[in-house]
Structures are given as structure tokens and as C-alpha cells.
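The first residue of the sequence shown is numbered 1, and numbering continues consecutively from there. The basis for the numbers below is simple: all heavy atoms, side chains too, and nothing from hydrogens, waters or symmetry mates.
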Amino acid sequence: MNLKTNKIIKRVVIIGPESTGKSTLCAHLAEHYNTVWCPEFAREYLLQHGKEYTYEDLLSIAMSQLELEDTVIAAAKKYYFIDTDMYVMKVWCEVAFQQCHKWILNQISQRKYDLYLLCDVDLPWVKDELREYPDLTFRKKLFKMYKDIVINSGIKWAIVSGTDIERLQTAVRLIDTILGRR
């Protein structure tokens, strides 16, 4: 609940490997539901500080991601779409450094969300200056890691796949069905 305005906001996290349309889906969902979405802070950080990052940088990124998430929600109406959460930070830490910060793990246990939408790797990988994993086999491995996470999270979840339009249509149907449109 957003205590400032005393309104209940349903939090939907869009999760999955890089280049699976998470940001696009968040933007489209926010537009559809006339609300806001929280972008992935890591992109801004890496564009400013460079692509080379350390284990400690990932902790800074995680902390800033949650600060951004907590700030942007003030403008949310009914639904709040979040591009990336601490599970993404956990996977990133473990893939890049074979360990995860305890602070990130603590945030995972403390943060509560209403729905996870897991983006499939069926979209073509699009190269940009920040993306690291173009190999489809590795992308499928990351997808399986995220799928295992959402299965074990105890939170409702679903996979979205297909084109950007198909993903949006599927996501809207799932949100309206699972969370109920008010």
C-alpha cells in the first residue's frame, strides 16, 4: 500500500533475460493502464560509469534500483510496472561473480509484489552497447533460472511470449484475470 495516498497499488514485475522486451512491455502496460513504470536503473548507471562493473557496483545498482522504485510509485494509479527487481540483481551477481550480496537477498525476502510476468527469449536478441549475452543457448539457461525463481517465489506468475503486441495482449489479459481490473 502506498501510505502517502492511502491507495492500494498492484505491483507487477517484468522479469527475464536481457533483450526480451521488458522495458517495451512495461512502457506499453503503463500506457494501457494510464499509470507509471519503473525503468531498470542499471542501464542509466552503466551508460554513465561504463560497461565494466564490479561486484560492489552491482550492490550500488541494486540500492539505486529500489530507491527509484520507491520514488516512482508515488505517481502510480492502480497498477505499477517494474522493469527489474532484486531477483534480476541476484541472477546478475551469481552469473557474473558466482555470489550474491546479502543485502540483495534480504531485500528479496522483504519486498512484496503481486505478479511476475516472465519474458520469454523468443524475441531476437538486439545488440546494444550494454548487452552481454547474445548466445541463445545461454539466454535459454538464464530464462530457466528466472523461471525457477518465479516458480519458487510464492507469487503469481506467467510467461509472456510472441511479438511486442502479442506480449502486451497476453499481459493485459493476465493482469485483468489474475489481479482483476478495478
Side-chain angles (χ1 to χ4, degrees), residues 9-27 37-73 80-161 167 171:
I9 303 294
K10 297 289 186 176
R11 298 173 190 229
V12 179
V13 176
I14 313 302
I15 195 170
E18 67 181 18
S19 194
T20 56
K22 296 182 300 292
S23 298
T24 300
L25 183 57
C26 279
W37 67 283
C38 181
E40 179 184 20
F41 179 80
R43 291 195 69 78
E44 179 182 323
Y45 183 93
L46 294 174
L47 286 170
Q48 184 177 14
H49 294 92
K51 187 177 173 179
E52 301 301 318
Y53 55 85
T54 66
Y55 182 63
E56 288 307 313
D57 288 332
L58 295 187
L59 180 58
S60 296
I61 290 168
M63 290 176 170
S64 295
Q65 178 70 41
L66 291 185
E67 286 176 23
L68 182 60
E69 183 180 318
D70 290 344
T71 300
V72 175
I73 194 171
Y80 183 38
F81 301 100
I82 302 159
D83 176 353
T84 299
D85 74 342
M86 292 301 102
Y87 280 132
V88 173
M89 296 306 305
K90 177 184 183 298
V91 169
W92 191 2
C93 285
E94 290 174 350
V95 167
F97 298 102
Q98 296 73 52
Q99 59 182 328
C100 184
H101 294 277
K102 185 175 171 99
W103 186 88
I104 291 171
L105 298 174
N106 287 338
Q107 292 303 309
I108 288 170
S109 67
Q110 292 174 17
R111 294 274 167 161
K112 301 300 173 211
Y113 300 100
D114 297 290
L115 177 65
Y116 278 101
L117 296 178
L118 173 59
C119 291
D120 202 346
V121 294
D122 59 336
L123 288 179
W125 185 82
V126 176
K127 181 179 174 130
D128 79 12
E129 67 270 27
L130 300 178
R131 294 190 174 140
E132 299 179 301
Y133 305 112
D135 179 68
L136 182 58
T137 301
F138 191 71
R139 293 177 75 218
K140 286 179 179 180
K141 178 181 175 184
L142 289 171
F143 177 81
K144 184 181 179 330
M145 290 172 73
Y146 286 114
K147 186 175 179 185
D148 289 345
I149 284 170
V150 295
I151 286 170
N152 292 309
S153 72
I155 296 169
K156 295 174 185 172
W157 68 278
I159 296 172
V160 291
S161 58
R167 286 168 189 253

Got a salt bridge between R43 and D83, using NZ or NE/NH1/NH2 to carboxylate O under 4.0 Å? no
message = Quick one, F81 and L117 - any side-chain contact, counting heavy atoms below 4.5 Å?
response = no
- Query: Is a side-chain donor or acceptor of K22 paired with a backbone partner of G16 at a separation under 3.5 angstrom?
  - Reply: yes
May I ask you to check whether W157 and Y146 show a side-chain donor-acceptor distance below 3.5 Å? no
Quiz item: Taking Y55 for the side chain and H101 for the main chain, is one N or O donor matched with an acceptor at less than 3.5 Å?
Solution: yes
The ring-ring contact (aromatic ring centres under 6.0 Å, His included) partners of Y80 (sequence neighbours excluded) come to none
Exercise. Evaluate the side-chain proximity of V160 to L25: yes if any heavy-atom separation is below 4.5 Å, no if none is.
Key: yes
Test Y53 against W92 for ring-ring contact (aromatic ring centres under 6.0 Å, His included), laying out the working first. CA-CA 11 Å; Y53 55 85; W92 191 2; 5.1 Å; yes
Determine whether K51 and L46 satisfy the following criterion, side-chain contact (heavy atoms from CB on, under 4.5 Å), listing intermediate values before the conclusion.
CA-CA 5 Å; K51 187 177 173 179; L46 294 174; 5.8 Å; no
dist N106:CG -> R111:CZ (nearest 0.5 Å) comes out at 12.0 Å
SB check D122 R167 (cutoff 4.0 Å): yes
Test side-chain contact (heavy atoms from CB on, under 4.5 Å), reference F41, set Q65, M63, E69, M89, output is Q65
**S64 side chain vs I61 backbone, donor-acceptor pair below 3.5 Å** = no
- Task: Taking atom types as modelled, find out whether D57 and T54 have a side-chain donor-acceptor pair closer than 3.5 angstrom.
- Result: yes
| query | Are there more than 12 heavy atoms of other residues, nucleotides or ligands under 6.0 Å from atom CD of Q110? | reply | yes
So OG of S161 and CG of L118: to nearest 0.5 Å the spacing works out to 10.0 Å
CG (L59) and SG (C93) are apart, to the nearest 0.5 Å, by 8.0 Å
Does any N or O in the side chain of T20 come within less than 3.5 Å of the main-chain N or O of P17, such that one atom is a donor and the other an acceptor? yes
Is it true that E18 and R139 have a side-chain N and a carboxylate O under 4.0 angstrom from each other?
no
So OH of Y116 and CD1 of I14: to nearest 0.5 Å the spacing works out to 11.0 Å
Distance col, row L105:CG vs Y87:OH, nearest 0.5 angstrom, shows 9.5 Å
dist D85:CG -> C38:SG (nearest 0.5 Å) comes out at 10.5 Å
Heavy atoms of A27 and W37 approach each other most closely as CA-NE1, 3.6 Å
For this session: Using a 4.5 Å cut-off on heavy atoms from C-beta on, say whether the side chain of V91 contacts that of I149.
Result: yes
- Determine, stepwise, if the pair L115 / K10 fulfils side-chain contact (heavy atoms from CB on, under 4.5 Å). CA-CA 8 Å; L115 177 65; K10 297 289 186 176; over 6 Å; no
Q. Do V95 and L142 come close enough that some side-chain heavy atom pair is under 4.5 Å?
A. yes
*asked:* A side-chain contact here means heavy atoms from C-beta on lying under 4.5 Å apart; do Q107 and I104 qualify?
replied: no
Check: Do I82 and R11 have side chains that get closer than 4.5 Å, going by heavy atoms?
Finding: yes
| field | Note, D114 side chain near I155 side chain (heavy atom, < 4.5 Å) | value | no
